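For reference, the structure is listed below as structure tokens.
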Amino acid sequence: MKLMNLFTDIRILLLEALEKMVKSGDLCPGLDFTNVTVEPPRDPLHGEMATNAAMLLAKPTGKKPREIAEKLSLHLSADARISVVDVAGPGFLNLRLSADVWRGLVVDILKKGEDFGRSSIGTGKSVNIEYVSANPTGPLHVGHTRGAVFGDALAGLLSFVGYKVTREYYINDGGAQVDVLARSVYLRYLEAHGQKVAFEEGTYPGDYLILVGQALKDQVGASFIGKEEDFWLAKIRKFATDMMMDHIRSDLTLLGVEMDAFFSEKSLFGTGRIEQTILKLREQGLIYEGILDPPKGKKPEDWEPRKQTLFKSTEHGDDVDRPVMKSDGSWTYFTPDIAYHDDKVKRGFDFLIDILGADHGGYVKRMKAAVSALSGGKVQLEVKLMQLVKLYKNGEPFKMSKRAGTFVTLREMVEQVGVDVTRFMMLTRKNDATLEFDFDKVLEQSRENPVYYVQYAHARGCSVLRRASEKGIDVSDGALSAADLRHLNHGSELAVVKKLAEWPRLVEISARTNEPHRIAFYLYELASELHALWNKGNVVTSLRFVQEGHLGTSQAKIALVRSVCIVISAGLGILGVRPAEEMR
RNA sequence: GGCUCCUUAGCUCAACUGGAUAGAGCAGCCGACUUCUAAUCGGCAGGUUGAGGGUUCGAGUCCUUCAGGGGCCGCCA
């Protein structure tokens with residue numbers, strides 16, 4: 001028996017039972033079973049698994065739900081894995097499994113190790129996840145950090161379920177903002193030569209450019225002083241973006257993020273690739289010269305009808321058509337990005353994911369339209385928008401401003417609170433909700449801090465293994481999986497097993513919805529189960545994991561603890577957080 | 001004005017894409033360390049899921065109207 005995801009196993013059993021009922025005439029043929037679910041009931045008193053089958057099939061068959069449920073229960077209870085079936089409420093079928101099935105799960109975990117819970121929903125498919133993609137004009141700050149952690153965790157998650165994942169960073173080095181960067185660096189360069197400079201509107205005043213100005217001075221000496229912009233702009237642009245990207249790369253390394261690819265916007269220019277992409281769209285009749293309507297409700301004073309080159313994105317689900325070329329003949333920001341996504345499509349990915357800041361919300365439909373047009377509807381683009389991170393220090397909101405140079409960088413954050421805390425905390429909210437990050441609370445090593453809570457559960461588990469080993473008990477996974485697990489018979493112990501059983505299911509749900517935060521929440525719950533059992537052992541000595549003089553019992557209980565450690569470790573691994581062996 | 005996301009306990013948030021009596025943590029109150037690490041646990045209290053309407057056997061979840069908030073809105077990226 002393939003014991004991997006108990007819930008899908010039982011669902012298969014259920015579907016077989018339903019087919020039998022169709023054969024015997026209890027159900028009419030041609031029914032749609034896709035929405036039949038097998039899931040853990042919210043209230044454990046109801047049972048261990050519940051199915052909605054009877055209620056779902058009542059209408060199409062014209063039968064009463066309870067009638068279907070009764071018949072169905074006869075088929076189900078014939079299976080050795082099912083110990084109790086009862087019909088409840090409006091027609092729920094509540095199942096209890098034999099304790100041996102649950103115990104078998106522990107053996108399964110010990111045998112598979114951290115591969116337990118892997119799924120094949122992504123096998124044979126490739127996905128490109130584009131994240132961070134911060135402009136190379138400054139260091140990464142907390143907002144980027146959230147996107148970086150989210151993207152990386154999602155990459156870990158999708159790769160855990162079988163996808164071939166490419167982690168990619170799009171460098172916006174082709175637009176006007178890198179010119180601004182270059183001019184700002186020029187000012188810092190003059191400053192490094194002892195000149196007094198003023199940072200006007202349209203330049204970056206941040207301190208982080210002082211070093212760049214210095215470095216430039218070291219490289220070119222005084223040769224740029226007094227020269228026209230034409231002379232130095234392109235050179236400084238390259239110099240500065242290279243240096244910024246080096247900085248960004250090392251910030252990402254600090255956070256434990258390793259990209260598979262960096263794609264430069266600038267590399268698209270002068271190669272004809274943008275033109276080719278536009279031509280491709282033009283051949284589909286999606287490029288035309290036209291005049292857009294003014295946006296309604298927006299002050300129309302400075303609005304004048306203007307003829308421009310437009311992409312007919314409305315053909316692919318957008319609200320209005322979008323300009324691809326400026327009046328000076330250069331491309332809009334959107335256009336190289338279309339070409340970039342065309343490149344991704346050409347590279348053959350089955351599925352594209354972009355992780356963007358919430359301020360790019362208005363950009364989603366047009367990009368989806370572009371990908372739809374470029375791939376003939378074959379490649380799906382999923383855009384995940386990251387909401388803001390609200391920082392708190394000493395209980396007070398901490399305002400960040402890039403202009404004023406008062407922003408908390410990724411580096412500062414990681415150096416202050418550590419990689420594990422940073423990464424885990426960034427995943428304690430779903431992506432489209434704002435996240436509060438309190439520097440003080442996060443540094444408290446208490447229950448306020450879910451990272452330590454989960455790591456502590458793992459450390460406690462390791463502690464048990466160490467202790468048992470000291471007492472001469474073989475705690476290798478091989479030995480533990482051979483233990484007689486019938487010693488696990490207390491409800492509190494089985495509660496832990498049942499939580500472990502949810503893992504494969506949860507992984508699939510998280511992957512399907514692209515929501516890695518679910519992993520973090522699950523790990524918290526699993527840790528909670530272990531902590532609860534642990535504390536019960538303080539009172540009920542028979543629940544302690546190491547039972548003096550009872551090798552078999554000890555091994556069975558330790559097998560359970562070890563299973564929890566394996567799943568926590570696997571889960572934290574997906575999120576890029578280290579499990580702790582010990583915490584003191 | 002349009003598009004989009006959000007609104008759940010005093011606070012911060014979950015809720016397994018439509019399931020049964022909406023759950024955690026913090027804050028508050030009561031309790032558990034001669035015990036495998038108390039960075040832990042148990043208990044009490046806390047709710048008209050922003051408001052109304054609709055679909056459904058069944059709605060925090062889907063549709064719709066409204067209120068409040070964030071973001072975006074023709075050559076900024």
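Lettering follows sequence order; numbering is per chain, from 1. Because the structure is predicted, anything quoted here is derived from the model rather than measured.
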Write down the protein N/O and nucleotide N/O pairs, taken from nucleotides 20-23 of chain B, whose separation is under 3.5 Å; answer none if there are no such pairs.
unit_1 : atom_1 : unit_2   : atom_2 : d
A20(B) : OP1    : Arg42(A) : NH2    : 2.3
A20(B) : OP2    : Arg42(A) : NE     : 2.7
A20(B) : OP2    : Arg42(A) : NH2    : 2.8
A20(B) : N6     : Asn94(A) : OD1    : 2.4
A20(B) : N1     : Asn94(A) : OD1    : 3.2
A20(B) : N1     : Asn94(A) : ND2    : 2.9

Results of side chain to side chain donor-acceptor pair (under 3.5 Å) for [X] - residues two or more places apart only:
X	value
Arg146(A)	none
His46(A)	none
Lys471(A)	Glu548(A)
Asp328(A)	Ser330(A)

Check your understanding: Does the side chain of Gln308(A) reach to within under 4.5 Å of the side chain of Leu310(A), using non-hydrogen atoms?
Key -> yes
By ring-ring contact (aromatic ring centres under 6.0 Å, His included) - contacts of [X] (at least two apart):
X	result
Tyr169(A)	Phe262(A)
Tyr340(A)	Tyr170(A), Phe263(A)
Phe7(A)	none

**Study point:** Secondary-structure notation, RNA chain B, from Watson-Crick and G-U pairs under 3.5 angstrom (| other strand)
**Key:** (((((((..((((.....[...)))).(((((.......))))).....(((((..]....))))))))))))....
Point to revise | Which residues share a side chain to side chain contact (heavy atoms under 4.5 Å, CB included) with Ala240(A), sequence neighbours left out | key: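 If we apply the side chain to side chain contact (heavy atoms under 4.5 Å, CB included) test to Ala240(A), skipping adjacent residues, the hits are Leu181(A), Val185(A), Val212(A).
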Check your understanding: Between Gln455(A) (CD) and U37(B) (P), how many Å, whole number?
Key -> 18 Å
Exercise for review: Would you give the length of the straight line joining atom CG of Asp337(A) to atom CG of Asn172(A), rounded to the nearest 0.5 angstrom?
Suggested key: 7.0 Å
Check: protein-nucleotides 3-6 of chain B nitrogen or oxygen pairs below 3.5 Å:
unit_1 : atom_1 : unit_2    : atom_2 : d
C3(B)  : O3'    : Lys365(A) : NZ     : 3.3
C3(B)  : O2'    : Asp319(A) : OD2    : 3.4

Practice item. Return the minimal non-hydrogen interatomic distance between Val324(A) and Thr335(A), and the atom names on each side. Key: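 Closest approach of Val324(A) to Thr335(A): O-OG1, 2.5 Å.
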Practice item. For Ile519(A) and Leu157(A), work out which heavy atoms get closest and say how close. Key: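 Minimum heavy-atom contact is CD1-CD1, 4.0 Å.
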Point to revise | Contact under 4.0 Å: Tyr333(A) side-chain N or O vs A77(B) OP1/OP2 | key: no
**Study point:** C1' atoms of U17(B) and C26(B), separation to the nearest Å
**Key:** 29 Å
Review point. Given the P atoms of C6(B) and C63(B), what is the spacing between them in whole Å?
Key: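 Each nucleotide's P atom is 11 Å from the other's.
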Check your understanding: Does anything in residues 525-533 of chain A reach RNA chain B, meaning a heavy atom under 4.0 Å, and if so which residues?
Key ->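 Hits under 4.0 Å, by residue number: His531(A), Ala532(A).
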Check your understanding: Under 4.0 angstrom, heavy atoms only, what part of the nucleic acid is Asn52(A) near: base, sugar-phosphate, or nothing?
Key ->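 Asn52(A): base contact, heavy atoms under 4.0 Å.
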